[in-house]
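The next block holds one structure in the form of structure tokens; read it before the comments.
Below, all heavy atoms of this structure are taken into account, side chains as well, without hydrogens, waters or symmetry copies.
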Amino acid sequence: MKYIVPFVLLVTSLNAWASLSGSYSTPPDSLSNIVFSVTGLDDKIILERRGELYAAVYMDKVERSEFASYIAWGADDLQDSECLVMPLTPQVKIEEIVASKGRDVVAVTATDKSTLRFIDEQNTKSFIRLPKFKIRQVLCVSENVIPRLKSNAFFYNHAFGVVPVIER
């Protein structure tokens, strides 16, 4: 009986990210070559790209609308999409920054949201404050084709902009 509860908790947490789990890449005819995967690790959603890990969290409706406005889309353009947001900085580097600031690494990185809060806090303390989507990456997947892209999925970061991706 003691093994049933952890199993139920594991299944519940796996369902939270299962809809976006998988491997993604830019289409073969794309000018950029982005390859990444979304998996779960220790009850966290992890995006892995070029060997670097990024802790991700689902965006709520308000965040999706804010992001759509940031990229100059309509507020409802991502209404039917599931989107993950994560720091632009890899998890290992965030842990180094947290430790260098004398903060508790385990507490700051305990959840994906606490990691994003730390990044936002550091941004507000910096000399030049950047818009939050310049220091974040986003993966959005929709069951329907997103008309602006003629694709049902895209990856965004400040360096690449909005790039259509396909599930592999």
Side-chain angles (χ1 to χ4, degrees), residues 9 12-14 16-17 19-22 24-26 31-79 81-142 146 148-149 153-165:
L9 292 174
T12 303
S13 65
L14 289 176
W17 59 267
S19 65
L20 292 181
S21 65
Y24 297 86
S25 69
T26 50
L31 295 176
S32 57
N33 183 23
I34 303 171
V35 179
F36 59 91
S37 62
V38 177
T39 58
L41 179 66
D42 299 331
D43 294 331
K44 290 185 178 182
I45 304 167
I46 302 295
L47 184 134
E48 184 270 327
R49 184 168 64 94
R50 293 187 324 231
E52 300 283 358
L53 302 179
Y54 303 85
V57 63
Y58 275 93
M59 296 173 91
D60 63 24
K61 186 176 182 174
V62 172
E63 290 172 308
R64 286 193 313 268
S65 177
E66 181 184 346
F67 174 64
S69 295
Y70 178 78
I71 58 175
W73 289 11
D76 293 335
D77 284 357
L78 299 177
Q79 177 177 323
S81 300
E82 292 283 343
C83 297
L84 293 174
V85 62
M86 66 233 66
L88 189 58
T89 308
Q91 191 69 18
V92 170
K93 182 69 174 165
I94 291 172
E95 291 171 1
E96 290 172 3
I97 294 167
V98 170
S100 73
K101 303 275 183 195
R103 304 268 302 268
D104 182 353
V105 174
V106 174
V108 170
T109 61
T111 68
D112 310 326
K113 288 189 184 231
S114 63
T115 303
L116 282 174
R117 272 193 304 272
F118 173 78
I119 292 297
D120 289 343
E121 177 186 298
Q122 294 306 302
N123 185 39
T124 60
K125 293 178 180 178
S126 67
F127 182 68
I128 299 173
R129 186 175 180 195
L130 298 172
K132 77 178 182 179
F133 292 110
K134 280 196 176 189
I135 59 172
R136 294 183 180 191
Q137 305 177 96
V138 177
L139 167 66
C140 288
V141 177
S142 176
I146 301 167
R148 291 177 180 270
L149 301 175
F154 70 87
F155 180 75
Y156 166 85
N157 74 21
H158 181 65
F160 297 117
V162 174
V163 179
V165 294

Are [X] and [Y] packed together at the side-chain level, in the sense that at least one heavy-atom pair is separated by less than 4.5 angstrom?
X: I45; Y: Y58; value: yes
X: F133; Y: V138; value: yes
X: V163; Y: Y156; value: no
X: Y70; Y: R136; value: no
X: I71; Y: D77; value: no
X: S81; Y: I146; value: yes
X: K101; Y: I97; value: yes
X: L53; Y: L47; value: no

### Message
Under 6.0 Å between ring centres: does that hold for F155 and F36?
### Response
yes
Whether [X] side chain and [Y] backbone form a donor-acceptor pair below 3.5 Å:
X: N157; Y: F160; value: yes
X: T109; Y: T115; value: no
X: T26; Y: I34; value: yes
X: N123; Y: L130; value: yes
X: E52; Y: R49; value: no

### Query
So how far is it from L20 CG to L84 CG, rounded to the nearest 0.5 Å?
4.5 Å
### Residues K125, E121: salt bridge by 4.0 Å N-O rule
yes
#### Entry: Charged N-O contact under 4.0 Å between E66 and K61
no
#### Entry: Chi angles and distances behind the side-chain contact (heavy atoms from CB on, under 4.5 Å) call for I46, V38
CA-CA 6 Å; I46 302 295; V38 177; over 6 Å; no
